[in-house]
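Comments concern the structure below.
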Amino acid sequence: GSFGDYGGQYVPEALMPALQELEDAYERYVLENEDGFLDEFRERMRDFGGRPTPLQRADRLSERYDREIYLKREDLLHGGAHKLNNALGQVLLAKYMGKERIIAETGAGQHGTATAMAAAHLDMPCEIYMGRTDVNRQRPNVYRMRMNGAEVNPVEAGSATLKEAINETMRDWATTVERTHYVIGSVVGPHPFPQMVRDFQAVIGEEIRDQIQEQAGRLPDSVVACAGGGSNTMGTFHAFVPDEAVDLYAVEAGGSSLEIDEDAGLAPNSATLSTGTDGVLHGAMTKLLQGGDGQIVESHSVSAGLDYAGVGPELSHLVETGRVTPTNVDDDAALNGFHRLSRLEGIIPALESSHALGYLEEEHDELGDLVVVNVSGRGDKDLETVLEETEKRELEAAPDVEVFDQ
Amino acid sequence: GSFGDYGGQYVPEALMPALQELEDAYERYVLENEDGFLDEFRERMRDFGGRPTPLQRADRLSERYDREIYLKREDLLHGGAHKLNNALGQVLLAKYMGKERIIAETGAGQHGTATAMAAAHLDMPCEIYMGRTDVNRQRPNVYRMRMNGAEVNPVEAGSATLKEAINETMRDWATTVERTHYVIGSVVGPHPFPQMVRDFQAVIGEEIRDQIQEQAGRLPDSVVACAGGGSNTMGTFHAFVPDEAVDLYAVEAGGSSLEIDEDAGLAPNSATLSTGTDGVLHGAMTKLLQGGDGQIVESHSVSAGLDYAGVGPELSHLVETGRVTPTNVDDDAALNGFHRLSRLEGIIPALESSHALGYLEEEHDELGDLVVVNVSGRGDKDLETVLEETEKRELEAAPDVEVFDQ
Amino acid sequence: MTDEARSENDAAYDSDVEAAIRENHPALVTYITAGDPSLEDTKAYVEALDRGGSDLIELGLPFSEPIAEGQTIQAAINRALAAGTTPDGFFELVEDLETEAPLLVMTYYNMILQYGSEADVRPFVERAAEAGLSGIIVPDLPAEESDPLREACDDNGLDLVFIIAPTTEGERLDSIMSQVSGFAYVQARLGTTGARANVSGATHDSLARLSEYDVPKAVGFGVSKGEHATEIVEAGADGVIVGSALIDIISSSETPGDAVDALEAKAAELKRGARRGADSLTVDPEERPEPEQP
Amino acid sequence: MTDEARSENDAAYDSDVEAAIRENHPALVTYITAGDPSLEDTKAYVEALDRGGSDLIELGLPFSEPIAEGQTIQAAINRALAAGTTPDGFFELVEDLETEAPLLVMTYYNMILQYGSEADVRPFVERAAEAGLSGIIVPDLPAEESDPLREACDDNGLDLVFIIAPTTEGERLDSIMSQVSGFAYVQARLGTTGARANVSGATHDSLARLSEYDVPKAVGFGVSKGEHATEIVEAGADGVIVGSALIDIISSSETPGDAVDALEAKAAELKRGARRGADSLTVDPEERPEPEQP
């Protein structure tokens with residue numbers, strides 16, 4: 001249950017039997033395809049989810065950066081992001097395990113909507129915990145979850161955002177663990193979650209590997225993915241880890257600054273791999289944004305989906321061993337990346353994915369001749385944020401907004 | 001250039017040479033694949049658009065209706081609806097024709113966003129005409145077009161909605177026709193548009209035909225698609241027209257009533273095929289919603305995308321000859337269809353597509369044992385409308401909305 | 001126009017429409033929308049245009065989707081529809097009118113198709129002839145789609161006027177010019193109807209291109225001033241067509257009486273402008289076919 | 001607790017923590033969060049709990065992500081963090097305290113790892129021992145991950161207390177019970193910490209399941225009243241653990257002085273309740289192992 005020094009199962013004793021049960025189910029169903037679990041999963045991801053997603057040559061970016069740029073189009077997956085790979089895998093696994101109920105937490109709402117969608121598809125009762133603040137500012141995602149028949153439980157405690165929602169979901173799970181599966185949304189949490197979520201997401205890199213060889217005739221020189229918790233990152237990288245010649249770049253949210261304000265308990269970034277230190281959070285030993293005493297600081301990014309103070313333990317390990325290069329770009333670069341892809345390629349990317357595109361703009365000279373960038377999701381959900389943040393700034397890639405103002 | 005008594009080229013003389021030029025280009029590039037046009041189109045629809053889209057067995061609908069229900073997942077196409085098939089085809093064709101500029105009109109914004117996306121992808125300057133009223137109520141789509149680099153020209157005249165936007169686009173085209181291509185958004189307008197748009201959309205039915213035979217071992221008994229202008233309808237039906245044993249159902253928007261209020265110039269529905277009479281609108285002879293004098297009435301549907309007083313001439317012909325069965329369901333049935341698919345299958349459908357699902361609920365006994373329904377688009381764009389309209393009604397399939405109100 | 005006058009002209013020309021152009025060279029053709037702001041007002045306006053020197057008057061029968069019109073005429077149509085203008089009301093107005101100038105109806109094809117409640121053009125054409133109209137102009141009916149309407153017009157002694165656009169060239173131009181009935185409506189520029197500040201260069205190109213065809217040519221789209229008329233006639237046109245500039249007068253006049261006066265004055269200005277153009281051709285030393293003078 | 005008292009107990013039991021439970025049977029274990037609302041107040045509260053009859057006192061060192069806590073303790077932790085509570089301040093408080101009852105620190109694993117600025121547990125454990133703490137409870141550290149911390153605790157003479165959940169069964173239960181140090185913290189029900197109205201049926205099941213193991217058992221999660229203590233001791237527990245009910249007193253008292261009085265009274269109520277439970281067992285005719293009385 002560990003990746004070098006990282007990983008583990010740092011959870012309350014009450015949850016340990018459930019983790020052992022999950023580990024057992026993971027090994028049987030996911031690793032050994034017992035009862036045809038994997039076959040059903042793959043078929044549903046094809047028919048319900050829309051896999052495989054395309055690998056698209058980006059003509060204008062290729063010209064702009066004078067190298068071959070390919071985009072992995074996870075934005076085309078059902079729900080608008082790679083999230084469904086994991087949500088559907090876990091809900092299906094819960095069903096195979098005989099669980100009667102699904103819970104999950106969500107911050108901006110992407111994991112919650114993917115889980116609600118998967119639960120509706122598989123006819124599993126589903127409850128999503130979401131901070132009241134997030135409920136209020138992410139209405140459309142709340143609506144989507146409700147439309148899919150999920151209960152949305154607003155969490156009123158503290159700042160009423162992701163952290164409180166995680167705590168509340170943990171409480172629910174600790175109370176109902178015998179009949180409930182907790183669908184963790186990224187490659188984080190206690191073993192076997194980081195490994196299992198990675199395996200559900202690994203289809204991204206597996207498809208890229210086949211597609212790039214078919215389309216470009218060889219493996220890429222460089223693979224770039226954004227990293228928050230790290231599920232799209234690990235999903236993209238996993239198939240390439242053994243290919244030493246393929247460089248892997250995890251692009252984190254540099255936010256507005258890489259400095260931590262320890263007195264305020266704030267990091268104006270989410271660059272955990274780039275700047276974090278080892279510690280234990282939400283069940284695993286990994287790199288964290290924390291103060292010297294061990295208190296977790298509040299992270300920040302213009303992209304809500306990257307806004308997390310931890311990161312998957314396997315990524316910490318791959319960074320520590322030098323296999324993955326941690327990098328980051330700031331909010332401005334991500335916003336420019338958003339506008340640039342929208343305008344040049346006709347793809348409105350998620351703000352999360354826009355970080356990978358920002359990196360491409362800033363550091364393409366570091367990259368090889370054949371580059372794959374994972375577009376982990378679509379940006380419709382981010383339009384309001386992008387407009388707001390764009391108006392505050394002078395961004396070279398942004399369209400003028402006069403028509404919006406009338 | 002006609003389908004039985006329907007079709008034709010009822011346009012100002014100034015546009016006739018452009019139509020002839022387009023007809024020539026359509027024949028050479030689309031029908032004869034000159035310069036590999038079709039190959040490039042198909043490749044881009046695969047890599048950029050995400051084709052093929054899945055055909056998914058709907059487990060819970062199949063159980064509910066006691067027959068095999070399959071869903072064609074056009075909601076997974078890039079942009080969230082089948083619209084891109086046509087927009088990309090026409091923008092690419094304009095490029096092959098040496099045009100320098102793209103224009104289009106949009107009502108709710110779906111065709112505008114698809115066109116803007118395609119134009120960005122193919123590096124074509126693009127201007128979209130949109131009534132000021134629609135600009136104000138469809139902000140997210142305006143943003144998306146702007147993000148993709150398209151100019152959005154608000155039209156202030158009259159009721160400032162789709163009709164005025166069409167007139168204004170016609171004016172632009174009549175002025176700039178030599179260097180501009182007008183991307184008509186449905187199987188309407190003068191020849192060769194209805195035929196050409198159908199051909200670009202026909203991939204829907206072609207894929208269904210292959211997929212259903214692979215998955216169910218035979219052709220379907222019944223194929224159901226919603227119909228406004230009719231592009232998803234003809235796209236879905238075209239491959240099946242020669243298969244006499246396959247029944248084709250075009251489900252129109254019954255709105256709140258099928259009666260026309262001629263004094264007010266209003267039809268509280270868009271059920272053109274079901275209730276319309278023959279006439280000429282926007283370049284073609286087809287079935288229309290019109291008063292006795294020949295004035296076109298304003299149509300209405302809860303679904304903006306079906307809200308059009310005309311319909312594609314080929315559909316008029318197929319209805320007239322009995323090959324396609326025209327049907328309709330009202331706003332309530334569509335809203336219930338929206339909620340039902342969201343809750344039972346984890347797919348939030350466009351309100352347009354929800355009409356096909358409403359028909360399935362109301363008349364499934366009319367259908368055969370193996371049914372395909374086209375889910376023409378996703379419903380994220382309709383969330384606000386659905387909430388508003390749901391609150392006004394008692395809908396059996398709607399979730400309670402208490403969590404929204406806090 | 002009186003029946004008497006009409007039969008007189010029939011002898012010399014194919015139709016009274018052609019006669020009105022040829023015999024009044026350089027002719028002034030005026031357009032307003034019937035029912036804007038009411039049919040009663042339209043009657044007074046048409047008579048004013050007639051007095052002012054119009055040689056031919058086009059009366060618009062409003063249609064809800066005027067795709068060939070600019071914003072000025074579209075707005076006039078909206079006002080006329082809001083006032084409840086119907087085809088029957090329109091024909092009654094025509095029957096009431098006493099003008100020197102022959103009258104044409106300008107409308108969209110669907111209005112013609114639906115009249116008499118079947119998708120058939122004949123009831124409309126018959127009623128038009130009966131009401132005393134001399135011809136029909138249909139902006140959304142190109143030559144290729146016009147057979148049914150032309151046959152009906154022929155059978156009822158009406159002209160079906162075709163529009164020649166700047167893009168109309170080659171074989172299509174030959175074909176359309178060979179079918180001209182009444183006169184060729186020469187569209188001065190690409191785009192829609194509407195008053196403009198200048199005469200388009202396309203006008204000169206078009207008239208040059210059309211000079212080889214021996215049919216009367218009247219130029220419209222964008223003509224608003226006497227000087228425009230002068231320039232267009234100098235360029236070889238047999239007439240000028242003015243519409244939006246007249247609608248502007250109607251919509252901006254404070255009282256119907258003001259509009260009547262202004263319309264008559266505007267028509268006179270345009271007619272004078274056209275004549276100046278013809279005069280300058282007459283004194284031009286270069287050889288040209290002498291335009292006929294009434 | 002004084003060093004003198006500690007060395008005395010060492011003879012009879014493995015640790016002073018075990019001694020505190022065994023010798024004070026039925027024992028009362030109390031918990032409050034250090035620094036809520038200030039470390040100075042905490043000092044007074046701990047002394048009040050000691051006076052009221054606590055046999056063992058758990059002091060919470062606040063961590064920003066208390067995933068095992070209910071809302072009551074989470075709120076206390078937030079207040080303590082807002083007041084600027086740090087590990088160093090915590091240890092200074094412990095050094096200042098004069099209590100009969102041994103003290104345990106309850107905190108999350110990351111706080112232990114980070115102390116001394118390396119990801120190493122030893123600096124924390126050494127400082128804890130130096131400050132006079134007798135043991136450590138870590139709600140997010142299951143037995144499987146506890147080797148490094150246990151070794152450090154062993155080396156420094158501290159107990160590492162394990163939590164036994166209602167879901168802890170079979171081999172894992174055997175394994176954990178064989179490693180018990182100090183006492184077994186028996187979690188009364190699934191879920192998180194927090195005062196409840198009733199004692200859970202799971203408590204009885206758990207104690208029955210644990211009866212075969214000869215280790216001291218103290219029951220927590222949801223205990224808030226004297227009657228709960230009675231029922232739990234009757235069910236076979238060697239002690240009861242109370243936390244959220246005390247936090248409620250602290251957060252609802254108008255002055256720190258009120259809280260001091262109420263905490264002492266609550267501790268006394270709970271201790272009396274526990275004794276009633278022990279007494280009822282003593283007069284129970286059924287055969288049971290006679291609980292030790294101090």
Side-chain angles (χ1 to χ4, degrees), chain A residues 44 46-51 53-57 59-60 73 75-80 116-123 132 135-136 139-140 142-144 146-149 151-154 215 338-339 342-348 378-381 383-384 386-387 398-401 403-404 406, chain B residues 44 46-51 53-57 59-60 73 75-80 116-123 132 135-136 139-140 142-144 146-149 151-154 215 338-339 342-348 378-381 383-384 386-387 398-401 403-404 406:
Chain A
R44 289 190 184 275
R46 182 192 70 188
D47 295 346
F48 175 67
R51 300 220 73 90
T53 59
L55 181 71
Q56 178 203 332
R57 182 178 187 279
D59 296 345
R60 296 176 72 191
R73 299 291 306 281
D75 62 301
L76 292 176
L77 202 66
H78 183 44
M117 216 165 240
H121 178 64
L122 294 168
D123 197 11
R132 168 63 71 191
V135 165
N136 290 339
R139 282 286 155 129
V142 176
Y143 300 156
R144 291 165 78 191
R146 295 289 295 129
M147 300 288 178
N148 284 325
E151 296 298 323
V152 177
N153 300 325
Q215 292 177 48
F338 177 99
H339 289 300
S342 301
R343 213 184 60 238
L344 296 184
E345 298 286 348
I347 300 166
I348 300 179
R378 61 172 138 92
D380 306 55
K381 68 184 177 65
L383 286 177
E384 291 293 338
V386 168
L387 283 168
D400 74 74
V401 293
V403 76
F404 307 156
Q406 295 179 330
Chain B
R44 288 190 186 273
R46 182 192 69 186
D47 295 346
F48 175 65
R51 299 221 72 92
T53 59
L55 182 70
Q56 178 204 331
R57 182 178 188 277
D59 296 345
R60 297 176 72 191
R73 299 290 307 280
D75 61 300
L76 292 177
L77 203 67
H78 184 43
M117 214 164 243
H121 178 64
L122 294 167
D123 197 11
R132 168 62 70 192
V135 165
N136 289 339
R139 284 286 155 132
V142 176
Y143 300 154
R144 290 166 77 191
R146 295 289 295 126
M147 300 288 177
N148 285 324
E151 296 297 323
V152 177
N153 300 326
Q215 292 177 48
F338 178 98
H339 289 301
S342 300
R343 216 185 55 236
L344 296 185
E345 297 287 349
I347 300 165
I348 300 178
R378 62 172 139 92
D380 305 56
K381 68 183 178 63
L383 285 178
E384 290 294 338
V386 168
L387 282 169
D400 75 76
V401 293
V403 77
F404 307 157
Q406 296 178 330

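What you see is a predicted model; the values in this text were computed from it and never measured. The chains referred to below are lettered A, B, ... by the order of the sequence lines, with proteins before strands, and numbering in each begins at 1.
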TODO: With rounding to the nearest 0.5 Å, note down the distance linking NZ in A:K381 to CG in B:D380.
DONE: 12.5 Å
- [ ] Specify the closest pair of heavy atoms between A:S342 and B:A120, including all atoms of both residues, with the distance to one decimal.
- [x] O-CB, 3.8 Å
Open item on the list: Under a 4.5 Å cutoff for heavy-atom pairs, which residue among B:H339, B:Q215, B:R73, B:E384 has the most contacts with chain A?
Closed with: B:R73
Task: CD on A:E345 to CG on B:L122, rounded to 0.5 Å - done: 10.0 Å
Open item on the list: Could you tell me if the side chain of B:D59 sits less than 4.5 Å from the side chain of A:R44, heavy atoms only?
Closed with: yes
- [ ] Report yes if some heavy atom in the side chain of B:M147 is under 4.5 Å from a heavy atom in the side chain of A:R343; otherwise report no.
- [x] no
Open item on the list: Is A:R144 in contact with chain B via its backbone, its side chain, both, or neither, using a 4.5 Å heavy-atom distance?
Closed with: both
Open item on the list: To the nearest 0.5 Å, what is the distance between CG on A:L55 and CZ on B:R46?
Closed with: 9.5 Å
- [ ] Mind ranking A:P140, A:G80, A:G50, A:P54 by heavy-atom pairs under 4.5 Å with chain B and telling me who comes out on top?
- [x] A:P54
Task: Atom group of B:R60 that falls short of 4.5 Å from chain A, counting heavy atoms - done: side chain
Open item on the list: If I measure from the heavy atoms of chain B, does A:R378 come under 4.5 Å with its side chain, its backbone, both, or neither?
Closed with: side chain
- [ ] Please flag which part of B:L344 lies under 4.5 Å from any non-hydrogen atom of chain A: side chain, backbone, both or neither.
- [x] backbone
TODO: State which residues pass ring-ring contact (aromatic ring centres under 6.0 Å, His included) with A:H78; sequence neighbours excluded, sorted by chain then number.
DONE: A:F48
Open item on the list: Please identify, among B:I348, B:N148, B:L383, B:I347, the residue contributing the most non-hydrogen atom pairs under 4.5 Å to chain A.
Closed with: B:N148
Open item on the list: Restricting to side-chain hydrogen bond (donor to acceptor under 3.5 Å, both in side chains), what partner residues turn up for B:D47, sequence neighbours left out?
Closed with: none
- [ ] Name the region of B:L77, side chain, backbone, both or neither, that has any atom closer than 4.5 Å to a heavy atom of chain A.
- [x] backbone
Task: Contact class of A:L76 relative to chain B, heavy atoms under 4.5 angstrom - done: both
